[in-house]
Amino acid sequence: MFGLEKPAGRREPGGSGGFPKMASVGDFNVLSSSIPATKVELSVSCRSPDMFFFLFTVCVLYTQAIGNKEWREFGRTEVIDNTLNPDFVRKFIMDYFFEERENLRFDFYDVDSKSPNLSKHDFLGQMFCTLGEIVGSQGSRLEKSIVGIPGKKCGTVIVTAEELGCCRDSVLMQFCANKLDKKDFFGKSDPFLVFHRSNEDGSFTICHKTEVIKNTLNPVWQAFKISVRALCNGDYDRTIKVEVYDWDRDGSHDFIGEFTTSYRELSRGQSQFNVYEVINPKKKGKKKKYVNSGTVTLLSFLIETEVSFLDYIKGGTQINFTVAIDFTASNGNPSQPTSLHYMNPYQLNAYGMALKAVGEIIQDYDSDKMFPALGFGARLPPDGRVSHEFALNGNPQNPYCHGIDGVMEAYYRSLKSVQLYGPTNFAPVINHVARYAASVKDGSQYFVLLIITDGVISDMAQTKESIVNASKLPMSIIIVGVGPAEFDAMEELDGDVVRISSRGKFAERDIVQFVPFRDYIDRSGNHVLSMARLAKDVLAEIPEQFLSYMRVRGIKPSPAPPPYTPPIHVLQTQI
């Protein structure tokens, strides 16, 4: 019938009737400038209880900017006419970051003209969700009601996320060479290979070096594994340049020669097509009888598809979130504005901001939204005993709170009932979560513990031992330091530089991420931006920590549920 156009500056070539073939990310976002975990394709369908969608319907997707909460149009589907249950063909392709909360809004319009201005068309309703909600739903399929017209049943929208796997492959390759040029005066050569992928501007980027094989003109290099993304950025016909060098101790390696190939050529495997002449352009230009400087042969080429974090989530793995909050006296009297636990009626304190920043993202991957919430370092009523592992809701048999809002309520109630005391002990709450993680090692569940603290740890030796033991379990630990204290000792727990050890045993995996909240506070006072920055940093390592556990244990993702097939509706008209 007609095509709605994207706003000026956002239109993509190739779309019929003014529509792009698929949506793409628009404005640059400083918080999203890192390499995405993956790309996902969103498919949209609607189901109507009556004649609601028997119209000319279009779906418009909006994303929300971090900080100012401004909604920006991401893209539009094609217009589908005269059907109760539209299944839109045009997809939305989005970068997916586990560590970011991506708010989405799907608006639906009945199209009345060729105008690209949405205000010229009838608004049918909308649906709000997050990208994490879609991905975290069973089978990565989310079904929610459409709202917007009071008193009218607007039907439901079904959004399905599919991970794009074009660059998820890795290849395992092995090469050998024959009759390379002799470069060393007292020996033969010490050859190695350097692989480069070509860029669109004609330059080359190094992507792999083999090991050096000493004193031979006929080396056989070890097989090596490289991602297709690193090798050719998913472009199978992109030029790959391979240089052959003779290694020298002083770093002035001698150039033997080079050849070019492509992923498509290499994928033929061992054959006459993958025997390459090594050419030295200078020698070729000087010597008329020059043939080559040897040959390099591909011995093997094996494609391996990498399993991803989303494969496990789609297969049903649940992320269980537990929070542990520091109730030691060093936080200050909660009734005073100087306290880190001060309950300001107009804004969250640092504990509340850290809790919501991390919790609101993780909750999308937990189907029942029930979270254990613990406290440590306080005297408990009625007898004043000190506890380093108490339930914020007052029920030690059932410390679960419903959603992050439930955790916040339990936190505020605890501040009114317990006495802040000390010391700052982490081991009890780590062991608490470890007990649950130890009972489920089959890959169906993974546990994330968030510890929020203001002070220097008191039980360092015990905590190190607990972390080393927990590194064998399906769990990760996030520690957020709030307030002005020096947290130098905490850095020791974060195994990014030196793997943590206890009693001579090293942690099997790096499972701890520590950050001081003050490093993320926005200078303009924008707390939403502060929380987004914090969440991005502390959660960025979770998918890789998760995958490291699954790899070490040899756990494969469970099969995803079968894809959703829309029922065939026969439209009956009354005569």
Do the side chains of Val242 and Val194 get nearer than 4.5 Å, heavy atoms only? no
If you define the side chain from C-beta out and look only at heavy atoms, does anything of Ile158 sit under 4.5 Å from Arg141? yes
When the aromatic ring centroids of Tyr263 and Phe301 are compared, is their separation below 6.0 Å? yes
Nearest 0.5 angstrom please: Ser271 OG to Leu298 CG, how far? 8.0 Å
Quick check: closest heavy atoms across Glu258 and Val278, and the distance to 0.1 Å? N-CG1, 3.6 Å
Taking the inter-plane angle between the rings of His196 and Phe204 on a 0 to 90° scale, is it parallel (under 30°), tilted (30 to 60°) or perpendicular (over 60°)? perpendicular
Partners passing salt bridge (Lys or Arg N to Asp or Glu O under 4.0 Å) against Arg249 (at least two apart in sequence or in another chain): none
Check whether any side-chain heavy atom of Leu539 sits under 4.5 Å from a side-chain heavy atom of Ile478, and report yes or no. yes
Do you know which two heavy atoms are closest between Ile555 and Gly443, and how far apart they sit? CD1-N, 3.8 Å
Could you give all pairs that pass the salt bridge (Lys or Arg N to Asp or Glu O under 4.0 Å) test and reach residues 213-225, with sequence neighbours left out? Lys225-Glu304, Lys225-Glu306
What distance do Ile80 atom CD1 and Cys46 atom SG have between them, rounded to the nearest 0.5 Å? 8.5 Å
Would Glu544 and Arg509 satisfy salt bridge (Lys or Arg N to Asp or Glu O under 4.0 Å), going step by step from the backbone distance to the final call? CA-CA 10 Å; Glu544 184 51 41; Arg509 303 179 296 125; over 6 Å; no
So, taking the atom named CD1 in Ile467 and the one named CG in Asp494, what distance separates them when rounded to the nearest 0.5 Å? 9.5 Å
Taking the six-membered ring for Trp and the full ring for Phe, Tyr or His, determine whether the centres of Phe255 and Tyr245 are under 6.0 Å apart. yes
Going by side chain to side chain donor-acceptor pair (under 3.5 Å), name the residues that satisfy it together with Arg238, two or more places apart in sequence or in a different chain. none
Answer yes or no: is there a side-chain heavy-atom contact under 4.5 Å between Leu180 and Asn218? no
About how many Å separate CE of Met173 and OG1 of Thr210, when rounded to the nearest 0.5 Å? 11.0 Å
Not counting sequence neighbours, which residues clear side chain to side chain contact (heavy atoms under 4.5 Å, CB included) with Lys464? List them please. Met460, Glu492, Leu493, Ile500, Ser502
How close do Arg76 and Phe92 get, counting heavy atoms only, and between which atoms? N-CE2, 3.7 Å
Report yes or no: is the cationic atom of Arg533 (NZ for Lys, CZ for Arg) under 6.0 Å from the centre of the six-membered ring of Tyr520, at an angle within 45° of the ring normal? no
Ser367 versus Gln318, side-chain donor and acceptor atoms under 3.5 Å: yes
Which atoms form the tightest heavy-atom contact between Asp87 and Ser45, and what is the distance? OD1-OG, 2.8 Å
Contacts of type side chain to side chain contact (heavy atoms under 4.5 Å, CB included), residue Leu104, not counting sequence neighbours: Leu42, Leu61, Thr63, Met94, Glu102, Phe106, Cys129, Leu131, Ile134
Write out all pairs satisfying salt bridge (Lys or Arg N to Asp or Glu O under 4.0 Å) with one or both partners inside residues 438-449, taking only residues at least two apart or from two chains. none
Set out, in order, the CA-CA distance, both residues' side-chain angles and the distance that settles salt bridge (Lys or Arg N to Asp or Glu O under 4.0 Å) for Lys536 and Glu100, then state yes or no. CA-CA 6 Å; Lys536 179 176 174 59; Glu100 294 182 14; 3.0 Å; yes
Residue pairs passing the ring pair (Phe, Tyr, Trp, His ring centres under 6.0 Å) test where at least one lies in residues 529-554, sequence neighbours excluded: Phe309-Phe546, Tyr312-Phe546, Tyr446-Phe546
Can you name the closest pair of heavy atoms from Leu473 and Ala434 and give their distance? CD1-O, 3.6 Å
Only counting residues at least two apart or in another chain, list the ones meeting salt bridge (Lys or Arg N to Asp or Glu O under 4.0 Å) with Glu162. Lys314
So does Asn215 get a backbone contact from the side chain of Asp190, meaning a donor-acceptor N/O pair under 3.5 Å? yes
From Ile361 atom CD1 to Glu99 atom CD, the distance as rounded to the nearest 0.5 Å: 8.0 Å
Who passes salt bridge (Lys or Arg N to Asp or Glu O under 4.0 Å) against Asp364, sequence neighbours left out? none
Option from Thr295, Asn292, Thr297, Thr261 for which side chain to side chain donor-acceptor pair (under 3.5 Å) with Tyr276 holds: Thr261
Side-chain heavy atoms of Ile479 within contact of Val512, under 4.5 Å: yes
Can you list the steps and then say if Lys39 with Glu41 is a salt bridge (Lys or Arg N to Asp or Glu O under 4.0 Å)? CA-CA 7 Å; Lys39 285 184 180 289; Glu41 179 184 79; over 6 Å; no
Member of Phe259, Trp221, Phe175 meeting the ring-ring contact (aromatic ring centres under 6.0 Å, His included) criterion with Phe195: Phe175
Ring pair (Phe, Tyr, Trp, His ring centres under 6.0 Å) for Tyr62 and Phe74? Distances and angles first, verdict last. CA-CA 5 Å; Tyr62 293 85; Phe74 185 89; over 10 Å; no
Which residue pairs pass the salt bridge (Lys or Arg N to Asp or Glu O under 4.0 Å) test when at least one of the two sits in residues 272-285, sequence neighbours left out? Asp181-Lys283
Could you pull out all residues at least two apart from Thr322 that satisfy side chain to side chain contact (heavy atoms under 4.5 Å, CB included)? Pro372, Leu374, Val433, Leu449
Are more than 12 heavy atoms from other residues, nucleotides or ligands located less than 6.0 Å from atom CD of Gln138? no
Quick check: closest heavy atoms across Ala535 and Ala357, and the distance to 0.1 Å? CB-O, 3.4 Å
Side chains of Gln174 and Gln222: closer than 4.5 Å at any heavy-atom pair? no
Under the salt bridge (Lys or Arg N to Asp or Glu O under 4.0 Å) criterion, do Glu133 and Lys144 qualify, and how do the steps go? CA-CA 11 Å; Glu133 252 185 290; Lys144 289 184 83 169; 3.6 Å; yes
Would a 4.5 Å heavy-atom cut-off, applied to side chains only, mark Val135 and Ile313 as touching? yes
Mind checking whether Phe98 and Tyr365 have ring centres under 6.0 Å apart? yes
With a 4.5 Å cut-off on side-chain heavy atoms, are Ser170 and Ile226 touching? no
Roughly how far, to the nearest 0.5 Å, is the CZ atom of Phe273 from the CD atom of Glu265? 10.0 Å
Could you tell me whether the side chain of Asn274 and the main chain of Gly269 form a donor-acceptor pair under 3.5 Å? yes
Hits for side chain to side chain contact (heavy atoms under 4.5 Å, CB included) against Phe506, two or more places apart or cross-chain, chain-then-number order -> Arg499, Ser501
Show, in sequence, the C-alpha distance, side-chain angles and deciding distance for Thr216 and Lys188, and conclude whether the side-chain hydrogen bond (donor to acceptor under 3.5 Å, both in side chains) test is met. CA-CA 6 Å; Thr216 180; Lys188 296 180 180 178; 6.0 Å; no
